Amino acid sequence: MKIKIEEISDNPVINLVTDTIKKKKQAIVFTNTKRSAEKTAEDISKTIKTKDKKLIELSGKVLEVLSKPTKQCERLARCIKKGIAFHHAGLTEKQKELIEENFRKGIIKIICATPTLAYGVDLPAFRVIIRDLRRYSQRGLAYIPVLEYLQFSGRAGRPKFDNEGQSIIITASKAEKKKLKEKYIYGKPEDIYSKLSVEPVLRTYVLSLISSDFVNTREEIFSFFSKTFYANQFSDEYELKAKIEKMLHLLEKWEFVKSSKKEFISADKIEEETYKATQLGKRVSELYIDPLTAHNFIEALKKASKKKIVAFSLLQTISSTLEIRPLLRVKIKEYDKIEEAIARYGSYFLGREPSIYDPEYEDFLRSIKTTLFFQDWINEKDEEYLLENYDIRPGEIRAKIEIADWLLYAMEEICRIIKLQSIIKDIIKLRIRVKNGIREELIPLIKLKNIGRARARKLYFNEIKTIGDVIKVDLSKLTQILGKKTAIEIKKQVGQNFETEKTKEKKQTGLYEF
DNA sequence: GGACGGTGAAACTTCAGGTTGCCTC
DNA sequence: GAAGTTTCACCGTCC
């Protein structure tokens, strides 16, 4: 199909977007990096002159999601004022919600997004503009799979509102146009391959099958895997068997499963060797962490019980797992800083420190940077600081923290089973700190509902340091610090009722909200 | 003559994201 | 590999 579009700039994306708005339609622009999504949104917004009250209001909301807005928040707010937004995993949940909601309402006209928006979120638009079909990978810039292209263009056309949807690819030349047409528009999507043979996956599933008593003998295990999609696809039975054998051996060595071979079997009974999960193995399987992670935790905890540890020790242990990946990237200028941290905290490490010549050294440095990020987070550094110093955005911070929380929980559980009581306390404390991004002294206050890191710090600063202090302090002072509504609510939580007549009334009519 | 500002080219740096998993007030 | 950012050389201008 051919459509004519007015050329107001030499940037085709801007021309297309302007045309879309003129038609009173909406568009999603897909780019290949977060930075590009932001830049594109900004470039577009600069060409737009509008002063919509709703947009200004929305822009304010977007800016207020954190106690102190980051540069990213400010940039987003500026774009939204013009009805343009960018959307990627670095935004906070609230910001993403606001953008999606207001795009559906038609208030936001254009979203510049990374692939996040093509998955999960149901957000159709009249026009989809795919600016980049190549993305950086290990082998340099590579074309994205056809499947992904289909995912992008699947966003085009709103079933109830439009009769058609447009998916437009931006190309640099005629030759490229022809090539991309062949590959993406007329081409077939790729085959799907099983990832079952990837070691962490295989480890997890072998343990899970044994732990749930779904299979117990070697034969049963082989037979199970031989019916999987993986076996179907590769049909290299020998290789698969060898891999499973290896996994069984490891699980046994790590004491997650026990083989009957080691037990006494009477002479007249030739029993087939069976596998059973140990108590530890069962729990590891329930926790759904990679058995290797669990094993590393156990080794680390054993070391930890024999020496002085600090938050860094445990944070570094969880930053060395596969689950926490991707690790923060160490930038060229940061090498010195990281090396310095290694020197400073070296004695607190619980794992092996690879030498500079080891291939995993690079990952080690990245794990240290990730650890330092966590450490700054629990020392109450704000989002702007973390963005500047670690290049990690609010949305990414949340995602990392959720995984860290889960891992620390798993660590705590393992600790119970292997009976290392002395460390459990440290883990529990750390978990609260990681979850909330607070120093240890705020732990008592954070237990109150509606009190997060910012308010807890405010209270502490005002000499209200414990629940007892909260009870003692009078309402007017608390109101000064937290505002009336929160102050009353907090007082209520510690058993003091200051409900005013007004709020009581509201409550009766069902309008009262916290 | 030096501070300053503007400009553009060259050099440098960095590059998507996610699902499940657990417990709980 | 290329977009986006930073750095730097260069020039003109002003005081």
Side-chain angles (χ1 to χ4, degrees), chain A residues 11 13 30-43 71 75 86-91 93 96 112-121 130-145 147-149 151-152 170 172 176 195 200-201 203-205 207-208 211 282-291 293-294 297 318 321-335 366 390-393 395-396 398-417 427-428 431-432 434-436 446-451 493 514:
Chain A
N11 181 342
V13 173
F30 284 111
T31 59
N32 64 357
T33 65
K34 292 195 269 281
R35 211 157 49 159
S36 294
E38 293 188 14
K39 173 84 167 24
T40 309
E42 196 167 55
D43 287 350
K71 288 207 171 61
R75 199 176 192 189
F86 54 82
H87 187 290
H88 56 61
L91 303 186
E93 278 309 307
K96 281 191 268 186
C112 300
T114 56
T116 4
L117 205 67
Y119 298 87
V121 198
I130 303 164
R131 201 197 67 172
D132 309 308
L133 276 169
R134 279 183 296 178
R135 191 157 49 223
Y136 180 80
S137 71
Q138 246 86 24
R139 298 182 300 275
L141 228 48
Y143 281 104
I144 62 167
L147 275 170
E148 210 164 310
Y149 161 75
Q151 193 70 34
F152 288 159
I170 309 276
E176 200 195 8
K195 281 190 178 158
V201 179
R203 277 197 292 261
T204 307
Y205 285 104
L207 179 58
S208 160
S211 162
K282 272 208 172 111
R283 195 70 188 112
V284 168
S285 176
E286 278 169 13
L287 292 166
Y288 208 79
I289 53 174
D290 181 352
T293 296
F297 278 2
I318 61 168
T321 63
L322 287 179
E323 284 87 345
I324 205 84
R325 296 190 180 199
L327 296 166
L328 299 189
R329 187 172 279 106
V330 180
K331 299 183 179 174
I332 295 166
K333 283 180 193 158
E334 292 171 337
Y335 276 89
R366 293 178 62 178
Y390 295 93
D391 195 24
I392 187 167
R393 294 151 198 76
E396 296 159 323
R398 269 268 78 86
K400 280 277 169 284
I401 281 167
E402 247 164 61
I403 300 172
D405 181 54
W406 160 45
L407 288 171
L408 284 170
Y409 173 74
M411 194 188 260
E412 183 188 327
E413 288 295 293
I414 289 172
C415 214
R416 283 183 210 285
I417 294 174
I427 301 176
I428 293 175
R431 201 178 153 211
I432 299 172
V434 168
K435 219 170 175 172
N436 298 286
I446 211 80
K447 290 186 178 131
L448 292 164
K449 225 168 126 187
N450 286 330
I451 298 295
Q493 284 182 54
F514 285 115

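Letters A, B, ... mirror the listed sequences (proteins, then strands); counts begin at 1. Bear in mind that the values here come from a model prediction, so they are computed numbers and not experimental data.
Within 4.0 Å of A:E286, counting heavy atoms only, lie sugar-phosphate atoms of the nucleic acid but no base atom. Across all strands shown, A:R131 has heavy atoms under 4.0 Å from sugar-phosphate atoms exclusively, and none from any base. Across all strands shown, A:L287 has heavy atoms under 4.0 Å from sugar-phosphate atoms exclusively, and none from any base. Using a 4.0 Å heavy-atom criterion, one finds that A:D405 contacts no nucleic acid atom at all. At the heavy-atom level, A:N32 lies under 4.0 Å from the strands shown only through sugar-phosphate atoms.
Rounded to an integer number of Å, the gap from A:M411 CE to B:dC23 P is 18 Å. Between A:L322 atom CG and B:dG18 atom C1' the separation is 15 Å, expressed in whole Å. Atom CD1 in A:I428 sits roughly 14 Å away from atom C1' in B:dC22 (whole-Å rounding). For A:I144 and B:dC15, the CD1 to P distance is 19 Å, given to the nearest whole Å. Here B:dA16 presents its C1' atom at 18 Å from CZ of A:R325, a figure rounded to the nearest Å. Nucleotide B:dC22 holds its C1' atom 13 Å from the CD1 atom of A:I417, rounded to whole Å. The distance between atom CD of A:Q151 and atom P of B:dA16, rounded to the nearest whole Å, is 18 Å. Atom CG in A:L408 sits roughly 17 Å away from atom P in B:dT24 (whole-Å rounding).
With B:dG18, B:dG17, B:dC23 as the candidates, the nucleotide lying closest to the side chain of A:P326 is B:dG18. For A:A89, the side-chain atoms get nearest to B:dG17 when compared with the rest of B:dG17, B:dC23, B:dA16. With B:dC22, B:dG17, B:dT20 as the choices, the nucleotide that has an atom nearest any side-chain atom of A:Y409 turns out to be B:dC22. Listed nucleotides B:dG17, B:dC22, B:dC15 differ in distance to A:E396; the shortest reach to its side chain belongs to B:dG17.
Between the side chain of A:T40 and the backbone N or O of A:S36, at least one donor-acceptor pair lies under 3.5 Å. At least one donor-acceptor pair closer than 3.5 Å links the side chain of A:D132 to the backbone N or O of A:N32. Remark: side-chain polar atoms of A:R131 are not paired, donor with acceptor, to backbone N or O of A:F30 under 3.5 angstrom. A donor-acceptor pair is defined here as one N or O able to donate and one able to accept, closer than 3.5 Å; such a pair exists between the side chain of A:K400 and the backbone of A:P326.
A salt bridge links A:K34 with A:E396: the closest approach of a Lys/Arg side-chain nitrogen to an acidic carboxylate oxygen falls below 4.0 angstrom. Residues A:E412 and A:R416 are paired through a salt bridge, judged by an N-O separation under 4.0 Å between the basic side chain and the carboxylate.
Taking atom C1' on both B:dG18 and C:dA3, the two are 25 Å apart, rounded to the nearest angstrom. To the nearest whole angstrom, the two C1' atoms, one in C:dG1 and one in B:dT19, are 31 Å apart.
Closest heavy-atom contact between A:S208 and A:S285: CA-OG, 3.4 Å. A pairwise comparison of heavy atoms in A:H88 and A:E38 identifies NE2-OE2, 2.8 Å as the closest pair.
Of the residues A:K331, A:R329, A:K71, A:R35, the one that meets the salt bridge (charged side-chain N to carboxylate O under 4.0 Å, His left out) test with A:D391 is A:K331.
Distances shown here put a side-chain N or O of A:K34 below 4.0 Å from the OP1 or OP2 atom of B:dG17. Between A:T114 and B:dG17 there is a side-chain N or O to OP1 or OP2 distance below 4.0 Å. Between A:R329 and the phosphate of B:dT14, there is no side-chain N or O to OP1/OP2 separation shorter than 4.0 Å.
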Polar pairs (N or O, both sides) under 3.5 Å between protein and nucleotides 7-13 of chain B?
none

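For the pair A:T321/A:L407, a side-chain contact is recorded, criterion being any heavy-atom separation below 4.5 Å from C-beta on.
For the pair A:S285 and A:V330, nearest-nucleotide mapping onto DNA chain B gives the more 5' position to A:V330.
If you walk DNA chain C from 5' to 3' and mark each nucleotide with an atom closer than 4.0 Å to a heavy atom of chain A, the marks span C:dG1 to C:dT5.
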Check: Do A:M411 and A:I318 pass the side chain to side chain contact (heavy atoms under 4.5 Å, CB included) test, and can you show the C-alpha distance, the side-chain angles, and the key distance before you say yes or no?
Finding: CA-CA 9 Å; A:M411 194 188 260; A:I318 61 168; 3.9 Å; yes
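Across all strands shown, B:dA16 remains unpaired; no Watson-Crick or G-U wobble contact has both distances below 3.5 Å.
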